[in-house]
Amino acid sequence: MEIDSEKIHERKQSDYNSLQDERFEIQKEMYRGQQYSQIYFARLHLMRTLLYSLAPTWKSHLPVCKVLGLEKGKECIIVGTLFKHMKLKPCVLDEYSKERSVTPLVKPHNFMHPDDNLILEDESGRVKLAGSALSPAIYVTGVVVALHGKETNAGEFFVEDVLEAGLPPQIERPIDLQEDKYVVLLSGLCIGSKSANPLQFQLLVDHITGHLGDEEEQGLAAQIVHVVIAGNSFEFPRKLINGQNLASKDQSTLYEPIKELDIMLSQIAAGVSVDIMPGTNDPANFALPQQPLNRCLFPGSSPYNTFRSCTNPHSFDVDNIRFLGTSGQNIDDLGKYSEAKSKLDFVERTLRWRHLAPTAPNTLGCYPFTDRDPFLIETCPHVYFVGNQDKYDNRLIKGSEGQLVRLICIPKFCETGIAVAVNLRNLECHTLSFSTQINQS
């Protein structure tokens, strides 16, 4: 039997680098009872140095003061960390209050209230902020900014203008990318849940590996050079995760989703490189940065050098195009404590604030680092993605120094059947949609 060589599509190759993930790895870190104040000090120190360097070009005629150095009626610039006083913010002590409130403890999806206000603090002190230039609906606790204003007779600082850090410097995009190459992003497989559809995921795997569609579609599949799974790959029955010893039958039930994913990943890894990130529902540490899922969970995929278990957040380069992304916890938390028209607005804010997770450690769990803040964004990515969102969305933003960044919200695959393909040549993206429903005319 002769094989028609013209119909054989050779997968395109790319250079991959994940050295950026080292800052998210907790290796020699030891918990010795340190407090979270140290990560705030590290954040303020680094961000203040940056904002001080920007201040002369922003308001060259104004002096820079500390909070304790404010004088009534004198205009100046102060730099510090914002604290947001929120009336509806949940407090763990409320659950143990002796005087039970008549109002039931509810869990609204957003804790904003018209009476919320902002406070700026540095190592010298704190001051309440006033004025309409700084909206409590936009900012959250943990953001470092520079403020132009003056102290009022009431002891407040009236804000007239705000300086954010802005987009960080960006490595130059390679200009020699002449052909289309794609990185596929997906999240929220939720294998083990009632909403998960194994056939739907198998269709995606078959498309990536070139076992689906006609010759043209297989040619498009050959252009996929990398796959990223951005968290929430599993969903386990909560009744089995209660800290009790499990019966053999329950152990098998708990392992089935892991086994199923491993089979799928081994099929992908046999043809193209794949990264898997942990998410909220996955068997990994809860606090950010989440450490890689243990490779022993994937006995079928681990032998492949194309399979990588990565951190969350995750940063990597493909053909010198820099990707940065999370499994969505940072953006979901911003949605609880601030407001925006779309999730992409939250994503863009974190980039302009130069911080992946500004609400950590206040309302988002993170490791108590003592000498650094790994969530600071020092280099601007070309693609910034966030997983496990309700719907797909994307936006191209431009920085003051010519930076171009593609922002992407990746939807939950188990609910939408949608993955996202990013073209390395021009940063354009489109969806890959898979459905097992039969259309009846």
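The figures that follow rest on heavy atoms only: side chains count, while hydrogens, waters and symmetry mates do not.
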Minimum heavy-atom distance Glu164-Trp353, with the two atoms named: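 Looking at all heavy atoms of both residues, the closest pair is OE2-NE1, 3.3 Å.
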Of all the heavy-atom pairs spanning Gln13 and Asp319, show the shortest one and how long it is.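 Shortest heavy-atom separation between Gln13 and Asp319 comes out as O-OD2, 4.4 Å.
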For atom [atom1] of [X], is the number of surrounding heavy atoms from other residues, nucleotides or ligands below 6.0 Å larger than 12?
{"X": "Lys59", "atom1": "NZ", "value": "yes"}
{"X": "His45", "atom1": "NE2", "value": "no"}
{"X": "Glu339", "atom1": "CD", "value": "yes"}
{"X": "Phe41", "atom1": "CZ", "value": "no"}

Kindly compute the distance separating CD (Gln389) from NZ (Lys412), expressed to the nearest 0.5 Å.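 Separation between the atoms: 8.0 Å.
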What distance separates Ile138 CD1 from Arg349 CZ, expressed to the nearest 0.5 Å?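 It comes to 5.0 Å.
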Indicate the ring-plane relationship of Phe385 and Phe316, choosing parallel, tilted or perpendicular according to the 30° and 60° boundaries.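 Geometry flag for Phe316 against Phe385: tilted rings.
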Parallel, tilted or perpendicular: rings of Phe236 and Phe234 (30°, 60°):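 Phe234 and Phe236: parallel rings.
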State whether a side-chain donor-acceptor pair under 3.5 Å links Ser195 with Ser193.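 Side chains of Ser195 and Ser193: pair found under 3.5 Å.
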When you look at Phe298 and Leu293, which way does the side-chain contact (heavy atoms from CB on, under 4.5 Å) test go after all the steps? CA-CA 9 Å; Phe298 310 103; Leu293 296 169; 4.0 Å; yes
Centres of the His226 and Phe323 rings: under 6.0 Å?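 Not close enough - the centres of the two rings lie 6.0 Å or further apart.
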So is Arg308 actually on top of Tyr16's ring, under 6.0 Å and inside 45° of the axis?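 Cation-pi check for Arg308 and Tyr16: passes.
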Validation row: Leu344, Cys409 side chains within 4.5 angstrom (heavy atoms):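 Side-chain contact under 4.5 Å: yes.
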Ser327 side chain near Thr280 side chain, heavy-atom distance below 4.5 Å: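 The answer is no, as the side chains (C-beta and beyond) never meet within the 4.5 Å cut-off.
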